[in-house]
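Inspection log for the structure reproduced underneath, given as structure tokens.
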Protein chains: 2
Amino acid sequence: MKAEKIPDIIVGRLPIYLRALQRMADNGLKTTSSQELGERVGISAAQIRKDISQFGDFGKQGTGYSIEYLLNKLREILKVDRVWDVVLVGAGDMGHALVNYQGFKNRGFRIAAIFDADKNKVGRKVGEFVIEDAENLVEKVKALDVKVAMLTIPATAAQAVAEKLVQAGVKAILNYAPISLNVPDHVKVQYIDPSTHLQRMTYYL
Amino acid sequence: MKAEKIPDIIVGRLPIYLRALQRMADNGLKTTSSQELGERVGISAAQIRKDISQFGDFGKQGTGYSIEYLLNKLREILKVDRVWDVVLVGAGDMGHALVNYQGFKNRGFRIAAIFDADKNKVGRKVGEFVIEDAENLVEKVKALDVKVAMLTIPATAAQAVAEKLVQAGVKAILNYAPISLNVPDHVKVQYIDPSTHLQRMTYYL
DNA sequence: CCTGACTTGTGTATAATGGCACAAAATGTC
DNA sequence: GACATTTTGTGCCATTATACACAAGTCAGG
């Protein structure tokens, strides 16, 4: 184990391992090997061993890894051994879908509030939440001390809202708006844009 | 220009450039430079020049790139100078959100059909589409000659459906199900899993 | 036409990433 | 207890990706 700086590319693979391990645990499996895990996620066994060994000696020679133990370690490393409050900005179709999505439970996240700039939407309910006015975004997010946000708004509004989120102390933004965001280095952004993802594949067709 | 094999990592950046250029064109801009584009998308100017130069000499020294020209070249390279039919499997909340999403237009994609395994949903309408029975998936997809699919179904069903899509000739799958898919090498998969994306960022919090 | 400010495309250096192979440890069998 | 099998963690090396730097081309202004 080396507690040095971990490359982003390795951090990016950990959630993939975590997801597969969670699934194995749900299926009642107790142990696994780098080879088996690798076949499941499509990554070489050597790569997986190297990635995991960056954080400690979690495996046992001849036996492999205890799924439960590795799960807990990965959750700890990724800091999802707790539940993060997430604010959602944008109560359109995608916002609704995310509110109803059951996949945040048990994976470390919980939606804490929903905002929209459209006055006609403010006050309405989405699931169990009342849509709040985006004008109060900074103030409310600060009060809730939320560090994670999801952006499901048009591209035209995204940069301005991102800046408000940063101002409110948000450190991680999952951006569904089809535009690159400019944020300070200490703020992380991940992008989800179906057209962009599809275009990455059409090259090979 | 070198018509060699282009690394996947470069292909992955092209849609980002394309998106930014499209936005610039919409704003009435005529030319740009690798530096300006780089600032917009958060990638170094040198990187952008090198990426683009893999496909040809599209820029002009002293002037930069014609946005319109570069747009057309990138569309051509990514094969989105045409419109791809896409099948959507899974008529849940996420499926509905994607049907209503306006961001496929003008970016090379059009939903052609929707399938679901739930007999209660089959026959109902989503937007302008009638939900079709997933039992007929292979047959219908073959008949439509569709090469691109989006999967918005539970993880438990994803692998089986992916295999049916491959059997039907699909070559690109955008997978919203939270599970890694095993498909032949000639089939491309892109993953969209909000929890995974969020977990990639919580590491740094 | 000359000069200065820009900007591309690329050769080269540097850094990061991934693959291979193996010693060492754990387990099970006879 | 000896031996065959399995599997980890890691050192080494090849490959890949990024950063740097600059010659050469372009353009506007006087």
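The sequence lines fix the lettering, A, B, ..., with proteins before strands; numbering per chain opens at 1. The figures that follow rest on heavy atoms only: side chains count, while hydrogens, waters and symmetry mates do not. A quick note: this is a predicted structure, and the numbers were derived from the prediction, not measured.
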| Starting at NZ of B/Lys73 and ending at C1' of C/dT8, how long is that distance when rounded to a whole Å? | 17 Å
| task | Report yes if a side-chain nitrogen or oxygen of B/Gln47 is closer than 4.0 Å to either non-bridging phosphate oxygen (OP1 or OP2) of D/dT18; otherwise report no. | result | yes
| Looking at B/Tyr65, does any N or O in its side chain come under 4.0 Å of the phosphate oxygens OP1/OP2 on C/dG9? | yes
| task | Whole angstrom is fine here: how far is it from CZ in A/Phe55 over to P in D/dT8? | result | 17 Å
| query | Does A/Asp116 pair with A/Lys121 as a salt bridge, N-O distance under 4.0 Å? | reply | yes
| request: Classify the nucleic acid contact of A/Ile9 as base, sugar-phosphate or nothing, counting any heavy atom under 4.0 Å across all strands shown. | output: sugar-phosphate
| Choosing from D/dT10, D/dA19, D/dC27, which nucleotide comes nearest the side chain of B/Ser44? | D/dA19
| query | How long is the line joining CG of B/Asp57 and P of D/dG25, in whole Å? | reply | 12 Å
| message | From C-beta outward on B/Ser33, which listed nucleotide comes closest to its side chain: C/dT7, C/dG9, C/dT27? | response | C/dT7
| task | Could you tell me whether the side chain of A/Leu151 reaches within less than 4.5 Å of the side chain of A/Leu165, counting heavy atoms only? | result | yes
| request: Look at the side chain of B/Arg13 and decide which nucleotide, out of D/dT18, D/dT10, D/dC27, has an atom nearest to it. | output: D/dT18
| query | Does B/His96 reach the main-chain N or O of B/Ala91 with its side chain, forming a donor-acceptor pair under 3.5 Å? | reply | yes
| task | Rounded off to whole Å, could you give me the CG-to-P distance for the A/Asp51 and C/dA16 pair? | result | 16 Å
| At under 4.0 Å, does any side-chain N or O of A/Ser34 touch on OP1 or OP2 of D/dT7? | no
| remark: Rounded to whole Å, CD1 of B/Ile48 lies from P of C/dT10 at a distance of 16 Å
| said: I'd like to know if B/Lys50 reaches the base of C/dG11 with its side chain such that a donor and an acceptor end up less than 3.5 angstrom apart. | reply: yes
| query | What about A/Gln61, does its side chain sit under 3.5 Å from the base of D/dT8 through a donor-acceptor pair? | reply | yes
| Starting at the 5' end of DNA chain D and moving along, which residue's nearest nucleotide shows up first, B/Lys60 or A/Ala45? | A/Ala45
| message | Could you tell me how far apart B/Tyr17 (OH) and C/dT8 (P) are, to the nearest whole angstrom? | response | 13 Å
| query | Is any side-chain nitrogen or oxygen of B/Thr63 closer than 4.0 Å to OP1 or OP2 of C/dT7? | reply | no
| task | Would you kindly check if the NZ (Lys) or CZ (Arg) of B/Lys79 is within the cone defined by 45 degrees around the ring axis of A/Tyr203 and under 6.0 Å from the six-membered ring centre? | result | yes
| Are B/Arg49 and D/dC22 close enough that a side-chain N or O sits under 4.0 Å from OP1 or OP2? | no
| request: Determine, for A/Lys140 against A/Glu135, whether the closest basic-nitrogen to carboxylate-oxygen distance falls under 4.0 angstrom. | output: no
| Nearest-Å distance for atom pair CD/C1', residues A/Gln35 and C/dG19 | 15 Å
| request: Send over the distance from B/Ile10 CD1 to D/dT16 P, rounded to a whole Å. | output: 12 Å
| request: Compute the centroid of each ring, for B/Phe104 and then for B/Tyr101, and state whether the two points are separated by less than 6.0 Å. | output: yes
| query | Is A/Ile52 touching bases, backbone alone, or none of the nucleic acid, heavy atoms closer than 4.0 Å? | reply | nothing
